[in-house]
Amino acid sequence: MSFENSFAAARAFALVLFLALPGFLASSAPGFALTATATVRDANSIQLGDVTYRLDGVDAPELDQVCIDDHADPWTCGIEARDQLAKLIGKRAVRCDDVGPEKSFGKRHRAICTAEGDKASLNEQLVKLGFAIAREPIKANVKPAAAEAKTASSGIWKGCFVAPQEFRTGKKDGALLGAACRPDRDKEIRAVLFPDELTMPPSCGIKGKLAVRARVTGNIGIYHLRGCPSYPATTKPDRWFCSEDDAQAAGFRKAYNCRRPK
């Protein structure tokens, strides 16, 4: 190939790359919108294709989180919250409008997501049902819905729970929320909300342990995969995760002696 032909080919390739680059950058930039079939990861997170978004302004119970209902019985509120979000979507496509990065959850972005045919966002609907609380930063219009759910004792508000953020970090002395919280049963309630043996949600077998030493790498804990030497030794996990991506998004790093089994 002559020099002129080589130069022309290189220039054409550079032009194609230049034209494609803005679209590529838009996929991770605020203001970008994506519409696709949705997979509900948990009540906080929706996956469209290979992109996972956090619902802006929403903090819902984690899959392994326990709440107390209005009959003073423990219940898996995180699983119920996830199922409520899946029910809101049904089989419809979902549009997510990116509103910026979520600094507390790895590389994920925040989004306002709406199911096809709905006027109200999923963010607002989930909060109004009482299966999530409002959380800063907020660009989604969820604060009126949050106040309404609390007043009506809807969803998790009918019982007693701790804010998901405090559950994630193991803050056992955080504020108790909900209509059924009894000050004279404070110790007993906290024992239920932070059990010594946290039940593993279905298909979520990755163990997470809060650890001070993890802070060296900017994390709050360490996760352990099945087949790793540290897995059986981790007898009382503080968290359970369904995927490594979820564990990393929650601020946990993989155990150094842990390699994915072949």
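Any value given below was found using the heavy atoms of this structure, including those in side chains, with hydrogens, waters and symmetry copies removed.
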Does this structure show an ion pair linking [X] with [Y], if we count only N-O contacts that are shorter than 4.0 Å?
X	Y	value
Asp245	Arg41	yes
Arg54	Asp59	yes
Arg110	Asp98	no
Arg108	Asp246	yes
Lys143	Glu136	yes

Any salt bridge (Lys or Arg N to Asp or Glu O under 4.0 Å) pairs touching [range], not counting sequence neighbours?
range	answer
residues 78-94	Arg92-Asp118
residues 153-166	Glu166-Lys171
residues 206-223	none
residues 180-205	Arg182-Asp184, Asp186-Arg190

Would Ile79 and Leu129 show up in the same hydrophobic cluster when neighbours are defined by side-chain heavy atoms closer than 4.5 Å?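 Different hydrophobic clusters.
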
Count I, L, V, M, F, W, Y as connected when their side-chain heavy atoms are under 4.5 Å apart, and connections chain through other members. Are Leu48 and Leu88 then in the same cluster?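 Result: yes, single cluster for both.
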
Let me see the working for Arg168 and Glu62 under side-chain contact (heavy atoms from CB on, under 4.5 Å), right down to the final yes or no. CA-CA 8 Å; Arg168 285 191 291 269; Glu62 299 295 332; 2.7 Å; yes

When you measure from the side chain of Asp56 to the backbone N and O of Ala140, does any donor-acceptor pair fall under 3.5 Å?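 Checking the backbone N and O of Ala140 against the side chain of Asp56, a donor-acceptor pair under 3.5 Å is found.
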
Check against side-chain contact (heavy atoms from CB on, under 4.5 Å), Gln248 and Arg253: CA-CA 6 Å; Gln248 292 164 9; Arg253 67 160 175 83; over 6 Å; no

Any side-chain heavy-atom pair of [X] and [Y] under 4.5 Å:
X	Y	answer
Val94	Cys96	yes
Cys204	Leu63	yes
Asn44	Val58	yes
Thr169	Leu210	no
Ile206	Cys242	no
Leu85	Leu55	yes

Listed by chain and number, what are the side-chain hydrogen bond (donor to acceptor under 3.5 Å, both in side chains) partners of [X], not counting sequence neighbours?
X	answer
Asn123	none
Thr39	none
Ser154	none

I need the minimum non-hydrogen distance between [X] and [Y], along with the two atoms involved.
X	Y	value
Ala86	Val40	CA-CG2, 3.9 Å
Ser121	Thr114	CA-OG1, 3.8 Å
Ala247	Tyr223	CB-CD2, 3.6 Å
Ala93	Thr35	CB-CG2, 4.3 Å
Ala43	Leu126	O-CD2, 3.3 Å
Pro61	Pro164	N-CG, 3.7 Å

By the disulfide bond (SG atoms under 2.5 Å apart) test, which pairs, at least two apart or in different chains, include something from residues 126-168?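 Applying disulfide bond (SG atoms under 2.5 Å apart) to every pair that reaches into residues 126-168, excluding sequence neighbours, yields Cys160-Cys181.
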
Under 4.5 Å between side-chain heavy atoms, chaining through other members, with only Ile, Leu, Val, Met, Phe, Trp and Tyr counted: pull out the rest of the cluster around Leu193, sorted by chain and number.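 Other cluster members: Val66, Ile68, Val162, Phe167, Leu176, Ile189, Val192, Phe194, Leu198, Met200, Tyr231, Trp240.
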
Partners meeting salt bridge (Lys or Arg N to Asp or Glu O under 4.0 Å) with Asp97 (sequence neighbours left out):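 If we apply the salt bridge (Lys or Arg N to Asp or Glu O under 4.0 Å) test to Asp97, skipping adjacent residues, the hits are Arg95.
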
Considering residues at least two apart in sequence or located in another chain, which fulfil the ring pair (Phe, Tyr, Trp, His ring centres under 6.0 Å) criterion with Phe161?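 Testing Phe161 for ring pair (Phe, Tyr, Trp, His ring centres under 6.0 Å), a comparison that skips the adjacent residues, returns Trp157.
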
Would you say Asn219 and Thr217 are linked by a side-chain donor-acceptor pair, where the criterion is simply a distance under 3.5 Å?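 The answer is yes; a qualifying pair exists.
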
Can you find a side-chain donor-acceptor pair between Gln47 and Tyr53 that sits under 3.5 Å?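 Judged by distance alone, the side chains do not pair up.
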
Apply side-chain contact (heavy atoms from CB on, under 4.5 Å) to residues Lys254 and Leu225 and explain how you reach the verdict. CA-CA 8 Å; Lys254 185 189 292 187; Leu225 301 172; 4.2 Å; yes

Within residues 70-79 or reaching into it, pairs that qualify as side-chain hydrogen bond (donor to acceptor under 3.5 Å, both in side chains) - sequence neighbours excluded: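 Checked against side-chain hydrogen bond (donor to acceptor under 3.5 Å, both in side chains) - neighbours excluded - no pair reaches residues 70-79.
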
Between Phe252 and Phe241, is the ring centre distance below 6.0 Å?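 Centroid distance Phe252-Phe241: below 6.0 Å, so yes.
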
List the steps and the verdict of side-chain contact (heavy atoms from CB on, under 4.5 Å) for Ile222 and Thr234. CA-CA 10 Å; Ile222 299 169; Thr234 307; over 6 Å; no

